[in-house]
Amino acid sequence: MRLESNFVQKQQQKQSLKLNMTQQLSQSIAMLQFATADLVAFLEDKALENPLIEVIPGSDFATDFSYSSRKSSGSSDDTDWLEQIADNKLTLADALKEQLHLMDVMQTQKIIVLYLIESLNDNGYLQIDLKDVSAALLMDDSSVLEGLEILQGMEPAGVGARDARECILLQIERSPDAPYIAYDVIQKFFTEFAEKKWKKIASEMDVSLQDIQEVSDYIQTLNPKPGSEFESERVQYVVPDLILLQHGNEFTVSLAKQFLPQVRFQEAYYETMRATEEKDVAQFLREKAGEFDWIKKGIEQRENTLQRVGEAIVSHQKAYFLDNSAHLQPLTLKEVAEELGVHESTVSRAVNGKYMETNTGVYELKRFFASGLQKKSSENENVGDISSTTIKKLVQEFVAAEDKLKPLSDQKIVDMLAEKEIQVSRRAIAKYRLELNIPSSSKRKRF
């Protein structure tokens, strides 16, 4: 019986140790994947659970260059630091409620309009059926419709529309600069106009293609998302994980540790509790001290991996960092993983949601990875790689320089790239166009 008991006890200890190691490995992987803000939250949660962990906050990136830093540098101009405070813009709902407050309308109408305002999405569109509003407020349909007309008469023009067509019509109604046929074109031929079936529209309205082109040029000046100019939520600041410093033609990558909290061991608490010599307390302290050790180790591993990945990126993209007008070199996660001797998933976790501060701005690390396409010589031999970023830039240049009366087809762009010894399929060009928000040749054509 004693042998059986010892065996069971050892098995339980082995399973417990294995489970503990699995949990630690899982959390170490999570720590690498965390963005800075998530890592801070994770450490603060651990500090609440573990009395041996003390978390000392790092610098606040949003206010790092605000009043305190200016004051320490000897600035006496109070307006300087005040300008550093984020401008708390009105939300769309706030702006509309202010307008409603100044209107002379009945209280029942105010209730309806307020309900409609709260039913708008961030773009200013109404996303609720008017009959549902009538049912919710126990009011007749005609009153709700009047409330909608009040809302649609507010600024910005187009607010309260139920679809893109109505949004544009609301703006045309208010605009003295709208072409005389603009309202009829959008009201009667919205789908055909969007699909650029202009010859059909011109024929049915007995106008010229130039008249339809004039309407199109005017529509481009309107805002299809009238609510987008307002703040929908608090600005989220991007906190850099790495800082790139340039020294002539050389670069150094350093960790942005100033934005991370420091994790310290509560030595005084540990010694006080250990002095009790109680068995349960001793076990508790061992577990919590062990947790502190692996958290510190996890942070160090995270920092080491980020540093190495950042250095590898800079090494491969040095030409780009020296001259931002240069093209990014083809670079994959697998290449960096093989170079560093780690798994590809480790590099993926290291770059996802992580940012590097450079002399031209703060960029996500994923930005510096560009897939490559083979470039062929006239003898059809591989002569190197060219990144998809370079292809996209060339497509943009071709489209910008094209004759708008005869815009380039995807196949023509393929042929132009082939002249530069770059082999790419028509399907790939269509994909790149979509990513660049470039319409098809038929929709780019002017008359």
Side-chain angles (χ1 to χ4, degrees), residues 164 185 189-203 208-221 224 313 316-336 360 363-447:
V185 168
F189 304 100
F190 180 73
T191 302
E192 292 88 343
F193 181 79
E195 294 175 351
K196 218 152 186 178
K197 297 177 179 178
W198 290 1
K199 290 183 179 179
K200 175 184 177 183
I201 299 173
S203 175
S208 68
L209 283 173
Q210 286 79 3
D211 290 330
I212 305 299
Q213 181 69 66
E214 185 182 355
V215 172
S216 177
D217 292 342
Y218 165 74
I219 296 299
Q220 298 299 317
T221 68
I313 289 172
H316 283 275
Q317 305 294 4
K318 185 176 180 180
Y320 175 81
F321 288 114
L322 285 171
D323 179 7
N324 288 148
S325 64
H327 300 308
L328 286 170
Q329 295 299 309
L331 182 64
T332 64
L333 298 175
K334 185 177 181 180
E335 287 179 84
V336 173
T360 59
Y363 304 102
E364 190 170 9
L365 296 184
K366 288 194 297 185
R367 180 180 190 271
F368 304 113
F369 289 84
S371 58
L373 297 172
Q374 287 296 318
K375 185 176 180 182
K376 308 276 186 177
S377 69
S378 56
E379 290 79 19
N380 206 35
E381 294 177 348
N382 291 343
V383 295
D385 285 329
I386 185 166
S387 72
S388 57
T389 304
T390 300
I391 303 290
K392 290 179 184 179
K393 190 169 184 179
L394 287 170
V395 170
Q396 285 179 310
E397 291 173 359
F398 292 160
V399 171
E402 72 183 359
D403 179 356
K404 298 303 178 185
L405 299 178
K406 297 179 180 179
L408 300 171
S409 67
D410 290 346
Q411 185 57 52
K412 180 59 179 176
I413 294 175
V414 169
D415 296 340
M416 292 171 71
L417 288 170
E419 292 174 5
K420 293 181 177 289
E421 301 179 356
I422 300 172
Q423 304 298 321
V424 60
S425 69
R426 187 179 61 79
R427 179 178 293 182
I429 294 301
K431 174 188 172 185
Y432 292 153
R433 269 199 308 98
L434 290 174
E435 292 175 355
L436 294 167
N437 293 318
I438 297 176
S440 63
S441 57
S442 63
K443 292 184 180 179
R444 297 199 308 274
K445 185 174 182 180
R446 294 182 64 84
F447 297 89

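The basis for the numbers below is simple: all heavy atoms, side chains too, and nothing from hydrogens, waters or symmetry mates. Count residues from 1 along the sequence.
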- Task: Could I get the full list of salt bridge (Lys or Arg N to Asp or Glu O under 4.0 Å) partners for Glu397, not counting sequence neighbours?
- Result: none
- Can you check whether Val424 reaches Ile413 side chain to side chain, under 4.5 Å on heavy atoms? no
- Item | Set of side chain to side chain donor-acceptor pair (under 3.5 Å) partners for Gln411, sequence neighbours left out | Asp415
- Message: Pair Gln423, Val414 - check side-chain contact (heavy atoms from CB on, under 4.5 Å), show working.
- Response: CA-CA 8 Å; Gln423 304 298 321; Val414 169; over 6 Å; no
- Would a 4.5 Å heavy-atom cut-off, applied to side chains only, mark Phe193 and Ile219 as touching? yes
- Note on the structure: The side-chain contact (heavy atoms from CB on, under 4.5 Å) partners of Thr191 (sequence neighbours excluded) come to Glu195
- Which residues share a side chain to side chain donor-acceptor pair (under 3.5 Å) with Asp217, sequence neighbours left out: Gln213, Arg446
- Query: Between Gln329 and His316, is a side-chain contact (heavy atoms from CB on, under 4.5 Å) present by the stated rule, with each step listed?
  - Reply: CA-CA 7 Å; Gln329 295 299 309; His316 283 275; 5.7 Å; no
- How would you list, by chain and number, every residue that makes a side chain to side chain donor-acceptor pair (under 3.5 Å) with Ser425, sequence neighbours excluded? none
- Heavy-atom closest pair, residues Pro407 and Ser441: CG-O, 3.0 Å
- Residue list, salt bridge (Lys or Arg N to Asp or Glu O under 4.0 Å) with Lys200, at least two apart or on another chain: Glu192
- Residue pair Ile422 / Leu394, side-chain heavy-atom distance below 4.5 Å: yes
- Message: Holding to ring-ring contact (aromatic ring centres under 6.0 Å, His included), I want the full list of residues that pass it with Phe368, two or more places apart in sequence or in another chain.
- Response: Phe321
- Given the rule in the salt bridge (Lys or Arg N to Asp or Glu O under 4.0 Å) test, do Lys404 and Glu402 qualify, once you have shown the distances and angles that lead to the verdict? CA-CA 6 Å; Lys404 298 303 178 185; Glu402 72 183 359; 3.1 Å; yes
- Is there a side-chain contact between Leu436 and Lys393 (heavy atoms, below 4.5 Å)? no
- Can you list the steps and then say if Arg444 with Ile438 is a side-chain contact (heavy atoms from CB on, under 4.5 Å)? CA-CA 8 Å; Arg444 297 199 308 274; Ile438 297 176; 3.8 Å; yes
- Is there side-chain contact between Ile313 and Phe369, with heavy atoms separated by less than 4.5 Å? yes
- Which residues satisfy the ring-ring contact (aromatic ring centres under 6.0 Å, His included) test with Tyr320, sequence neighbours excluded? none
- With sequence neighbours excluded, residues passing salt bridge (Lys or Arg N to Asp or Glu O under 4.0 Å) with Glu335: none
- Across all chains, not counting sequence neighbours, the side-chain contact (heavy atoms from CB on, under 4.5 Å) partners of Leu434 are none
- Message: Applying side-chain contact (heavy atoms from CB on, under 4.5 Å) to Ile429 and Leu417, what does each step give before you reach the verdict?
- Response: CA-CA 10 Å; Ile429 294 301; Leu417 288 170; 3.5 Å; yes
- Taken to the nearest 0.5 Å, the spacing of Ile201 CD1 from Phe189 CZ works out to 6.5 Å
- Message: Test of understanding: with side chain to side chain donor-acceptor pair (under 3.5 Å), list the residues that count as partners of Lys318, not counting sequence neighbours.
- Response: Glu250
- Answer yes or no: does atom CZ of Arg426 have more than 12 heavy-atom neighbours from other residues, nucleotides or ligands under 6.0 Å? no
- Flag the pair Lys199 / Ser203 as yes when at least one side-chain heavy-atom distance between them is below 4.5 Å, and no otherwise. no
- Message: Tell me every residue that passes side-chain contact (heavy atoms from CB on, under 4.5 Å) with Ala194, counting only those two or more places apart in sequence or in another chain.
- Response: none
- Message: Looking at every non-hydrogen atom in both residues, tell me the closest pair between Arg367 and Leu328 and how far apart they are.
- Response: O-CD1, 3.3 Å
